[in-house]
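One structure is given here, and the rest of the page talks about it.
Heavy-atom basis, side chains included; hydrogens, waters and symmetry copies ignored. In what follows, chains carry the letters A, B, and so on, assigned in the order in which the sequence lines appear, proteins first and then strands, with residues in each chain numbered from 1.
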Number of protein chains: 2
Amino acid sequence: MFQKLAYPVLPHLPVVFLSSPLSNSWQIFGSVLGVSAGFVVGKEGPMVHTGACIASLLGQGGSRKYHLTWTWLRYFKNDRDRRDLITCGAAAGVAAAFRAPVGGVLFALEEAASWWRSALLWRTFFTTAIVAIVLRAFIEYCSTGDCGLFGKGGLIMYDVSSATVSYSAADVLAVLLLGVIGGIFGSLYNYLVDKVLRAYSIINERGAAFKLLLVITISLLTSFCSFGLPWVAKCSACPTNLTVECPTTDGNFKSFQCPSGYYNDLASLFLNTNDDAIRNLFSTSTEKEFHISTLFVFFAAVYCLGIITYGIAIPSGLFIPVILAGACYGRLVGRLFASVTKLDMGLFALLGAASFLGGTMRMTVSLCVILLELTNDLLLLPLVMLVLLVSKTVADSFNKGVYDLIVKLKGFPFMEAYAEPYMRNLVAGDVVSGPLVSFSGVEKVEMIVHALRTTGHNGFPVIDEPPFSDAPELCGLVLRSHLLVLLKGKYFSRDRVLAGDEIFQRFTAFDFAKAGSGKGLKFEDLDINEEEMEMYVDLHPIINSSPYTVVETMSLAKAAILFRQLGLRHMCAVPKAQGRPPIVGILTRHDFMPEHVLGLYPHLKPYK
Amino acid sequence: MFQKLAYPVLPHLPVVFLSSPLSNSWQIFGSVLGVSAGFVVGKEGPMVHTGACIASLLGQGGSRKYHLTWTWLRYFKNDRDRRDLITCGAAAGVAAAFRAPVGGVLFALEEAASWWRSALLWRTFFTTAIVAIVLRAFIEYCSTGDCGLFGKGGLIMYDVSSATVSYSAADVLAVLLLGVIGGIFGSLYNYLVDKVLRAYSIINERGAAFKLLLVITISLLTSFCSFGLPWVAKCSACPTNLTVECPTTDGNFKSFQCPSGYYNDLASLFLNTNDDAIRNLFSTSTEKEFHISTLFVFFAAVYCLGIITYGIAIPSGLFIPVILAGACYGRLVGRLFASVTKLDMGLFALLGAASFLGGTMRMTVSLCVILLELTNDLLLLPLVMLVLLVSKTVADSFNKGVYDLIVKLKGFPFMEAYAEPYMRNLVAGDVVSGPLVSFSGVEKVEMIVHALRTTGHNGFPVIDEPPFSDAPELCGLVLRSHLLVLLKGKYFSRDRVLAGDEIFQRFTAFDFAKAGSGKGLKFEDLDINEEEMEMYVDLHPIINSSPYTVVETMSLAKAAILFRQLGLRHMCAVPKAQGRPPIVGILTRHDFMPEHVLGLYPHLKPYK
């Protein structure tokens with residue numbers, strides 16, 4: 001038994017044996033990702049997307065169409081490395097968008113990755129370190145202003161470190177209240193974003209013209225707010241101790257309709273970039289720069305605009321609108337509590353932003369680090385942690401985080417890391433669905449072609465029967481993509497016999513490597529004639545002979561945890577009693593989804 | 001089939017059903033841990049230990065001996081929650097030792113926890129947030145000096161934020177070199193610590209007197225270095241632009257043997273607390289404060305003392321000695337490179353500390369955040385990340401991280417998260433060891449007592465036989481601790497029959513809750529007479545009817561990953577062919593350890 005190779009022979013080679021040279025390749029790869037992300041600094045939504053796209057492109061071997069290929073990229077042609085690469089890409093995106101390398105790593109691990117492993121940690125860290133170094137070099141290079149707005153604001157985007165941080169018990173109470181209300185506003189934001197996205201998806205489905213119309217409407221509305229609302233604000237006298245110009249047309253104290261010596265504070269927020277507006281709100285020692293009414297109007301406008309803008313056909317993120325609304329909210333609360341607390345208005349704005357972020361995103365450590373890297377506010381860390389705790393806890397009692405809501409809305413088949421409680425009352429065999437299509441160890445070509453044509457299954461169990469075994473027994477699992485490669489190679493025989501070692505000369509491990517999305521062999525690519533249909537093909541060389549199996553009477557909850565923790569795509573349910581066929585069914589992700597399970601057993605209650 | 005409860009009935013209740021009230025309990029718990037850690041601020045080794053000990057004590061239901069119990073603690077009496085609690089304790093320890101709450105979370109996740117889950121992240125974050133808040137309150141309260149040295153240095157222990165950070169390509173090259181050499185020194189440190197610990201374990205085993213003698217020897221040696229070596233240093237003239245006293249006996253510029261107006265720089269490092277020495281080395285804009293020869297002597301002494309001190313019978317950590325040696329090394333390199341680089345000496349010291357930490361601990365993100373929180377050096381982050389990358393990569397090519405070495409040295413049965421490559425050539429059945437002891441579904445008391453007495457097994461498979469099933473089939477797994485509770489309850493019957501529902505009135509779920517270490521029922525606690533020995537007991541109510549199983553022909557590598565990823569203690573190997581007994585053996589952690597596997601198959605090569 002010992003000599004028998006427990007691992008499948010050919011197709012699993014790419015994953016198993018080629019991983020060792022990768023440990024070096026990875027480092028080169030992290031650098032590529034890091035450098036590409038370092039070039040662009042913008043909003044986090046598009047940045048994460050861009051980072052992940054570049055990573056995915058590299059992971060599928062480059063683009064043949066645009067002659068951007070490299071044979072060495074084939075080492076990444078497997079699920080695990082491609083997944084890791086995309087995680088690294090997302091981390092690079094966050095790191096570049098917020099100039100927050102450590103925050104990027106944690107964001108990728110807390111929100112993007114389904115599995116945490118120390119190797120992944122090291123790889124994302126490597127990637128974002130390169131991002132940080134490249135970014136730092138570019139900012140240095142561009143400090144003369146040669147690159148337009150690139151690098152404006154330096155490595156720390158909203159520096160508040162100049163503020164003196166000391167607080168009393170009254171301040172802490174004010175901050176707690178800020179956290180509670182921030183959490184409520186955050187969960188309301190999620191609720192409304194969800195509703196609005198559902199409405200938009202109906203509009204967007206009706207065609208490009210409707211999409212465009214939606215974008216134009218929102219743009220007009222935003223412009224109306226930006227240019228119309230400042231008219232309602234009163235003019236304020238310029239502070240006397242300023243080092244910057246006031247009033248001005250392109251700086252921070254906008255003159256708008258005001259006479260000389262006066263500025264319009266609402267225009268100063270609206271007619272600026274979001275970044276500058278946030279910087280204004282975070283600015284310290286400027287207690288009276290904004291009226292309470294101004295803050296209120298700006299908050300209401302930004303909160304609503306943020307909700308209706310997300311989901312229209314333009315690249316936009318969630319972080320910056322939420323930070324903007326939160327900062328405004330925080331400053332507003334600070335102004336209202338001015339009589340009981342001495343905390344700086346800029347710090348209140350920062351804590352308000354933290355409470356909104358905690359209330360919408362529901363992340364903890366990564367938000368904490370991103371805020372730290374955005375604002376350089378180490379001394380404020382205890383209060384930021386407190387606010388995040390409170391707002392997340394409050395918001396969690398209403399609904400789920402915004403990313404979870406979007407995943408559900410888009411219908412992505414995301415499997416939670418835990419089993420639903422009602423699964424404890426079911427066994428694995430209860431959810432096996434559909435007729436089982438299985439092959440014999442040496443199978444007739446016609447049978448395989450028929451199965452591939454008539455089903456959409458991606459994995460087929462293979463059962464060894466006499467004379468290849470004493471009794472029918474489960475031999476393993478073959479994948480559709482590997483079957484297609486095998487059939488394309490036409491290594492057939494006229495008789496029902498094993499293939500022998502020659503097959504190893506016909507195929508190499510890379511023939512079975514995972515192809516880029518939409519690039520693999522398709523069923524239509526097969527060209528098998530009548531005569532070949534009657535021949536036999538030995539499936540043993542491409543069988544995964546160690547599929548994960550569960551007994552059909554195993555608790556569904558435990559089977560789900562096994563499936564999810566090991567990141568499986570197919571799991572074999574085997575019979576408990578002897579004397580039955582050696583396999584009961586194949587479990588896929590679909591079989592564990594609440595929709596499917598509750599569809600079969602409607603009297604079970606989903607977990608609230 | 002659907003009505004059949006897939007989960008075991010009684011004993012698994014504590015884990016399964018009692019977890020929901022925990023989500024609130026956890027928060028209260030995090031606070032308790034946080035507050036207790038907040039009281040003490042010291043070195044990380046003892047702090048992590050203390051935090052974990054308090055957590056463990058709480059997790060096992062308090063201490064009955066000292067009347068520190070609380071019935072509500074019983075909710076934590078299960079493996080998963082106790083493990084999480086200890087992770088939180090360790091995080092609280094690091095957070096308090098370095099006043100680095102986010103670093104504490106990441107340390108616990110990167111180095112202490114075997115499984116990462118988002119719930120664990122949230123719990124550790126909660127704990128360290130409370131640590132941060134309590135710590136901040138105490139530091140504020142103690143700022144008047146009422147609490148001795150507590151809170152000295154404020155929330156940021158070694159603040160370097162005052163330094164101007166701008167660097168050129170030459171600086172980066174110097175830093176790269178610093179990282180490479182730092183990595184080599186770091187791995188050498190690990191190598192020597194390993195050798196020294198092996199020597200010490202032989203000495204320590206010989207008795208308390210030898211232990212004491214070792215401590216005295218090391219103390220004398222340290223004292224000799226501290227008071228003897230400064231005599232070799234020359235006196236330096238006090239700088240003229242000082243705001244502090246110089247020379248002095250208790251400040252930073254020690255007079256030692258020097259005349260008025262002069263100070264001994266080596267004494268300033270040796271005759272200070274480690275914290276103050278590190279602060280001196282990190283101090284910015286003090287380029288010439290320490291001679292090159294001074295730095296060299298201090299580095300050599302601290303490096304060697306650090307190695308020989310770890311492992312003697314006093315509470316000591318690894319971080320502070322490594323930071324001290326690294327800072328000294330960094331400053332030394334900075335002085336040597338003074339002609340080519342303009343980077344501040346204090347920042348060089350910080351990067352030197354980072355390179356040593358990276359070279360010994362081999363962590364990335366957590367070290368980065370801990371250093372950030374220790375020094376408030378956000379602008380230096382790109383360079384710190386670069387140094388950590390380089391030193392970790394260099395050191396990894398020599399040996400493993402210091403914690404891994406210690407785990408191996410102590411012989412803890414730690415299972416790596418990956419399968420060793422040679423496991424791919426074996427199947428699960430190859431490593432099953434020992435004779436299998438199994439029970440029948442309704443078993444004679446005598447058989448169980450005999451098995452408990454003669455074996456040390458913690459889990460026994462239960463096989464249902466006719467008349468309870470058509471053919472012998474694997475019914476599940478019972479645990480030793482649950483068997484003891486069942487036997488102690490003496491719910492026996494004269495005939496071989498099922499127990500019925502009455503048993504649920506006899507036992508409650510909490511009877512089967514996991515007891516504190518050394519506190520559970522022991523075999524000696526059983527008191528079963530001759531007559532009872534001949535009776536039968538129904539094991540079904542305490543059977544885990546969904547044990548994880550693998551087919552005996554499954555690849556050992558895949559079985560190991562399943563075992564490790566799901567955190568199992570027992571895994572059943574079942575036969576592939578039909579018509580054989582329904583279980584081949586039980587796999588435990590021991591069966592997957594390289595020592596065991598390579599012992600059975602010595603011709604296999606371990607992974608280098």
Could you give me the CA-CA distance, side-chain angles and deciding distance for A/K558 and B/N544, then say whether side chain to side chain contact (heavy atoms under 4.5 Å, CB included) is met?
-> CA-CA 11 Å; A/K558 283 189 151 184; B/N544 171 3; 3.3 Å; yes
With a 4.5 angstrom heavy-atom cut-off, which part of [X] approaches chain B: side chain, backbone, both or neither?
X: A/V369; answer: side chain
X: A/R362; answer: neither
X: A/C572; answer: neither

Go through the atoms of [X] and report whether side chain, backbone, both or neither lie under 4.5 Å from a heavy atom of chain A.
X: B/L566; value: side chain
X: B/L109; value: side chain
X: B/R564; value: neither
X: B/P472; value: neither

Among [options], which has the most heavy-atom pairs under 4.5 Å with chain A?
options: B/C368, B/G476, B/S469; value: B/C368
options: B/T549, B/V105, B/L379; value: B/L379
options: B/V574, B/L106, B/T124; value: B/L106

Candidates B/L372, B/L378, B/V365, B/V384 - the one meeting side chain to side chain contact (heavy atoms under 4.5 Å, CB included) with A/V102 = B/V365
What's the separation between atom [atom1] in [X] and atom [atom2] in [Y], rounded to the nearest 0.5 Å?
X: B/D464; Y: A/K576; atom1: CG; atom2: NZ; answer: 7.5 Å
X: A/T364; Y: B/R123; atom1: OG1; atom2: CZ; answer: 12.5 Å
X: A/M385; Y: B/F125; atom1: CE; atom2: CZ; answer: 4.0 Å
X: B/W122; Y: A/E110; atom1: CH2; atom2: CD; answer: 10.0 Å
X: A/R136; Y: B/L381; atom1: CZ; atom2: CG; answer: 11.0 Å
X: A/S546; Y: B/L556; atom1: OG; atom2: CG; answer: 10.0 Å

Could you check which of A/P382, A/P101, A/A132 has the highest count of heavy-atom pairs closer than 4.5 Å to chain B?
-> A/P382
Criterion side chain to side chain contact (heavy atoms under 4.5 Å, CB included) on A/Y548 and B/I561, from CA distance to verdict = CA-CA 11 Å; A/Y548 285 102; B/I561 286 170; 4.1 Å; yes
